[in-house]
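Below is one structure, written out as structure tokens, with a few remarks after it.
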Amino acid sequence: MPARPEQSAFDFGDDPVVPVNAARPRSSSTESIPRAAVTELVVRVRPDQPAIDRLFDYTVPASLCDQIRVGTMVRIPLHGRRVGGWIVEVDVDPDPSLTLQSIAGVSGWGPPSSVLELAQWAAWRWAGRTATVLRTASPPRVVRAVPRRDVRPAPVPVTVASDELTGLAREAFNLPVSTIRLPPTSDVHPLLVSAAARGPLLVIGPSAATMRRLSMRMRRAGVEVALLPDDWAGARAGSVCVFGTRAAAWAPIAEVATVVVLDEHDESLQQEQAPTWHARDVAIERARRAGAPCVLVSPMPSSEARQLGPVLVPSRAAERSGWPMVDVVDRRDAPPGEGLFSEKFVAALRGEGRVVCILNRKGRSRLLGCAGCGALATCERCQASVTQSDEGVLVCGSCASVRPLICTNCGTTKMRNLRAGVTRVREELEALVREPVSDLTGDSDLSLGGTGARVIIGTEAALHQINEAAVVAFLDFDQELLAARYRASEEALALLVRAARLLGARERGGRLLIQTRLPDHEVVQSALHADPSRLAASDDERRKMLRLPPYRAMAAVSGVSAPAWIAALGTQSAIEVLGPSDGRWLLRADDHQTLCDVIASVPRPAGRLRIEMDPLRV
DNA sequence: CGGACAAGCTGA
DNA sequence: CAGCTTGTCCGG
């Protein structure tokens, strides 16, 4: 393959680049005698160590001047050692009382200036350090050169049928922030093609596999695409569509005409480690700064999205066809002893095609009772309930001590499994269908061989690892509906969305089977009627009443220096301090502006302090 | 972050 | 009081 022409550092168009001879004499009002006609170029650098949250000035050797621009990654001498850093400003007037050192070298290309500024905003918004965010925004490996790209006209979409979706898209492109409610199995490709016709497009979604697939289809449609994180240099070259997962919110593009966030409701769009930035919110701010529309897409728009802008809804018929058929198995009057296998489930199991059974409990048993005296099996040390591991021994859920399978009350070794886990249910299923049944949990490694079994039982991890099924059955959906998390309902519906994608559109005939004692629950009803607004309505009410996000801004504070920091925070009328519980405080304010400003105003003591903005658990 | 330097602790 | 640990400061 012929080598691609590489562009030299200074014929690149997006940022103002310093000409080689930019080192100009600085006019200094405090000096009456003019300095030498040519002084050295001075740059301001942010070190890549998050703990050093300051900027430092350095001179640039003439030999490196042509590689210097805002964002360039450099090595700098600092306090007797060398650290990395980003140039944040070029040609600055340094404090004349300082003697500057010279940068030690240029390591490569970095984010454009707009992303540098966005990172600084995110550091405020999620109470973190700018350098932490900038690391995410920087190339995974050193980028020495960026490909030259001839700017070509944006491709005209190959007459995408002027269907409903493109109509909704046109509406969305005229709004700063909006959400398109697209059912789980519908195809977003036409939407992306019409967005790409508007100019540089940024597409962010939760799944790397999906983003790869969508980017390849886009390429086949004649659009130049850079897929992150691999093609960072290609994205940096500009005039291209960029696809990627949550970190792509920091894609190194100077200009963007449209930003699209797919599966906006998905929790994996939020970073788990602090700062806990959310790709949706970064994307919205980014689009706002660029004057571009931000289009959120989701089969079940989050309450955050509903708060941020209008939700554009397809016709009832279109939405219905994008959800699978749902069988709700009402277990309220299940005969005792029927266990997890209802008649309807057994019938579905005996049909054709792959059956994926979901039970969010690992191991053999999560709750055991003695077959002799009826006592619940508990830990000898801490009284918590014990579970039975894959190996058959009893393990305490809270102190992890292990003991053999014996009743501490009467000495019997016969135990009744009151809440079976995946390992045990796999054996029962195998006995029932008389064919091999595979189990699949987060610990399973599918890369070796994969599971060829027709019937699969797994935790929700199975929904990420299998991509096709004729039936998906939730054996105990109440566990999801009743989980003690404030987002439990949304998380439960998100599981049904995942399941729907294994089944495909309604016309394919796949069945989504839900065993529950709460058949009237909004989550179940939303899936049954292909109408997520049923959950949305009740969710908004509840969140308003309980003063939860998005009606309030919240942050969780923990870590060894949390008590000291909370003390320094004191009592302020603008924010409410709750806790501590388990060494964790909750802060609440009317909005992010208030909460973030207060947090930023309190200096951080030394030691570990974790501030989790917009926590998933409160 | 991590090097420098100071103050504090230990043992003969 | 040397020799070592622990803590605080600060960087261009």
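Atom set for the values below is all heavy atoms of this structure, side chains included, hydrogens, waters and symmetry mates excluded.
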Answer yes if the side chains of Ser298(A) and His265(A) hold a donor-acceptor pair under 3.5 Å, and no otherwise. yes

Rounded to whole Å, please give me the gap between CZ in Arg81(A) and P in dG2(B). 6 Å

Cation over ring face, Arg69(A) and Trp109(A), 6.0 Å, 45°: yes

Taken to the nearest whole Å, NE2/His79(A) to C1'/dA4(B) is 6 Å

With heavy atoms under 4.0 Å as the rule, sort Arg54(A) into base, sugar-phosphate or nothing. base

Using whole Å, what does the distance between atom P of nucleotide dG12(C) and atom OH of Tyr58(A) come to? 6 Å

Ion pair present between Glu576(A) and Arg547(A), side-chain N to carboxylate O less than 4.0 angstrom? yes

In whole Å, what is the span from the CD atom of Gln49(A) to the C1' atom of dG3(B)? 13 Å

Separation of Leu78(A) atom CG from dC10(C) atom C1', in whole Å? 9 Å

Could you state the atom-to-atom distance from CZ of Arg129(A) to C1' of dC1(B) in whole Å? 11 Å

Whole-Å distance between dG12(C) C1' and Glu40(A) CD? 14 Å

Under 3.5 Å donor-acceptor, Tyr551(A) side chain and Asp590(A) backbone: no

Nearest-Å distance, CZ (Arg75(A)) to C1' (dG12(C))? 16 Å

